Number of protein chains: 2
Amino acid sequence: MTRCSECAVRDRAICQSLCEADLEELSRLGRHQTLEKGQALLWEGDESLLVGNVVDGVLKLCSTTSAGRDQTLGTFYPSDFLGRPFASTTPHSVIAVTDARVCTFTRSAFDGFARKHPDLEHKLLQRTLSELDRARRWMLLLGSKSATERVSAFLLDLASRLPAEPVDQGSDGAIRLELPFGRQEIADLLGLTIETVSRQITQLKHDRIIDTPSRRAIVILDRAGLEACAGEL
Amino acid sequence: MTRCSECAVRDRAICQSLCEADLEELSRLGRHQTLEKGQALLWEGDESLLVGNVVDGVLKLCSTTSAGRDQTLGTFYPSDFLGRPFASTTPHSVIAVTDARVCTFTRSAFDGFARKHPDLEHKLLQRTLSELDRARRWMLLLGSKSATERVSAFLLDLASRLPAEPVDQGSDGAIRLELPFGRQEIADLLGLTIETVSRQITQLKHDRIIDTPSRRAIVILDRAGLEACAGEL
DNA sequence: CGTTCAATTGATACGGATCAATGCAAGTGG
DNA sequence: CCACTTGCATTGATCCGTATCAATTGAACG
């Protein structure tokens, strides 16, 4: 079994608040799980079975509307906490966007442990508050931004979340992003259609703001230009 | 000074977690404030000065985009907690929708008190988690619902939040809502324009799903019909 | 009774959705 | 190694819902 003290996200996940002894106890409650791309960890409306931390990979939180349209409500990167503690059902599904590793706990075991460890609950509170800020920023995007603004904002958000690799040739501060998402997934995230996303990307490419060396890679050539396209924030 | 033990929201706000003695201590940190309709309590981007509970009235959380458009990101009703604890700036403005009374604390005083009272932090965590669920449901609305669905969902949401008054004449289960919001405010909440909101309301009226005895009142005649218009959820 | 402000209604424009076709890269099997 | 399939992404043509612009109505108030 993998020891928590050697965890890849030991110093970033909410567990950072625990001392060695408590960590030991928590690790006995948890279990590591690997997920394949596309696999679901939690289902919308189901019992809230699991909570946990992302160790590696990217996951998404999503919901399907009656019209069959899919809307993605959030994303999880390594060290992020996922699941719905302190409630009996999970309001949305959690699905792996890439192959992923997560460290999970049954909700009841986690809830019990958390109630006895105020520092952990405090970390969780801080994270939940940030997540709420994040969700509200996204609401702003969904409620009152154009397609160009949405795509630009998405790329900037991604750049801030992903381990950014600077491009070799000294072409100013160009940044290369390996997209974990396909076009359809981006569309679901932004409340647009795949065609609109595609058109916006080609537009940004024509304007020399980004480049697309491959379908799954984006190079930000002109960060300031991209920020201008994204509107304030 | 108003004693916490006699507070109108004593048994619903997060303070319900405190014993008499702690409540006494907290009440010495707080202060009651009255706000007039339209008055701001917190400004977007400012230092996070205050947090608190709504005692009476309705407030909204909002943000102005570069394009001058206003988007409302949330609403606060009596017993709701507002403000951004544990952060140095508030990401959005809080504005009174009606005349209101709030019980406020400086953020720093509240943070310190909360850190020492795990039960209070726990209540706050639960509330923040629900607020996040709520925000995500609203994201779904903003990201992938039509104007009709948005207006219908809004009315249903309001019905669940407001003290509902059943209409006198035995006309089945008709419910009368006194709207705290004007049309423009509804539009900001739903990411629509005032004209579109107005048209949707007239449409629902024609379909005998609602009635509008006055500008600021709505009677839900056919709740099932309204739910159907709102799509699932 | 006029003034004022919000809400409604109408006419038109436009952005993004939808429908349909084409392009392109990565397999797969002969 | 080449034809064929398969799955995404792009591009094009058209349609529809909501925004926008402009006018009218209606209720509250002095």
Side-chain angles (χ1 to χ4, degrees), chain A residues 36-38 65-71 97-98 141-155 177-207 210-219 229 231, chain B residues 37-38 65-71 97-98 141-155 177-207 210-219 229-231:
Chain A
E36 283 177 24
K37 184 177 185 155
T65 66
S66 42
R69 192 189 174 97
D70 246 37
Q71 177 72 45
V97 172
T98 64
L141 182 146
L142 294 174
S144 40
K145 293 206 172 174
S146 70
T148 320
E149 291 175 312
R150 293 185 199 198
V151 171
S152 310
F154 164 74
L155 291 175
L177 302 174
E178 293 304 322
L179 297 182
F181 307 100
R183 295 291 187 273
Q184 182 61 60
E185 287 174 311
I186 298 174
D188 291 345
L189 212 35
L190 299 176
L192 298 171
T193 57
I194 184 172
E195 294 97 330
T196 303
V197 171
S198 180
R199 282 185 245 269
Q200 297 307 325
I201 289 179
T202 10
Q203 185 57 48
L204 289 171
K205 195 166 153 186
H206 279 158
D207 297 348
I210 63 170
D211 191 22
T212 56
S214 92
R215 273 194 241 192
R216 285 291 184 137
I218 295 244
V219 175
C229 286
Chain B
K37 184 177 186 154
T65 66
S66 43
R69 193 190 173 95
D70 246 36
Q71 176 71 46
V97 172
T98 64
L141 183 146
L142 294 175
S144 39
K145 293 205 173 173
S146 70
T148 319
E149 292 175 312
R150 294 186 198 198
V151 172
S152 311
F154 163 75
L155 291 175
L177 301 173
E178 293 303 322
L179 296 182
F181 307 100
R183 295 290 187 273
Q184 182 60 59
E185 287 174 311
I186 297 174
D188 291 345
L189 211 37
L190 299 177
L192 297 171
T193 57
I194 185 172
E195 293 95 332
T196 302
V197 171
S198 180
R199 282 185 245 270
Q200 297 307 325
I201 289 178
T202 354
Q203 184 57 48
L204 288 171
K205 195 165 152 186
H206 278 157
D207 298 348
I210 63 170
D211 190 23
T212 56
S214 92
R215 275 200 258 202
R216 287 289 185 138
I218 294 243
V219 175
C229 285

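Just so you know, these numbers come straight off a predicted model, no measurement behind them. Lettering of chains follows the sequences in order, A, B, ..., and the numbering in each one begins at 1.
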For A:Arg215, side chain to side chain contact (heavy atoms under 4.5 Å, CB included) partners two or more places apart: none

Residue set satisfying side-chain hydrogen bond (donor to acceptor under 3.5 Å, both in side chains) with B:Asp211, at least two apart, ordered chain then number -> none

Quick one: side-chain hydrogen bond (donor to acceptor under 3.5 Å, both in side chains) partners of B:Ser198, sequence neighbours excluded? none

In the 5'-to-3' direction, what one-character label does each nucleotide of nucleotides 8-23 of chain D receive under the scheme B = base within less than 4.0 Å of a protein heavy atom, S = sugar-phosphate only, - = no such atom? BSBBBB----SSBB--

Could I get the full list of side-chain hydrogen bond (donor to acceptor under 3.5 Å, both in side chains) partners for A:Thr65, not counting sequence neighbours? none

Could you list the residues that satisfy side-chain hydrogen bond (donor to acceptor under 3.5 Å, both in side chains) with A:Thr98, not counting sequence neighbours? none

In whole angstroms, the gap separating C1' of C:dT8 from CG of B:Leu204 amounts to 15 Å

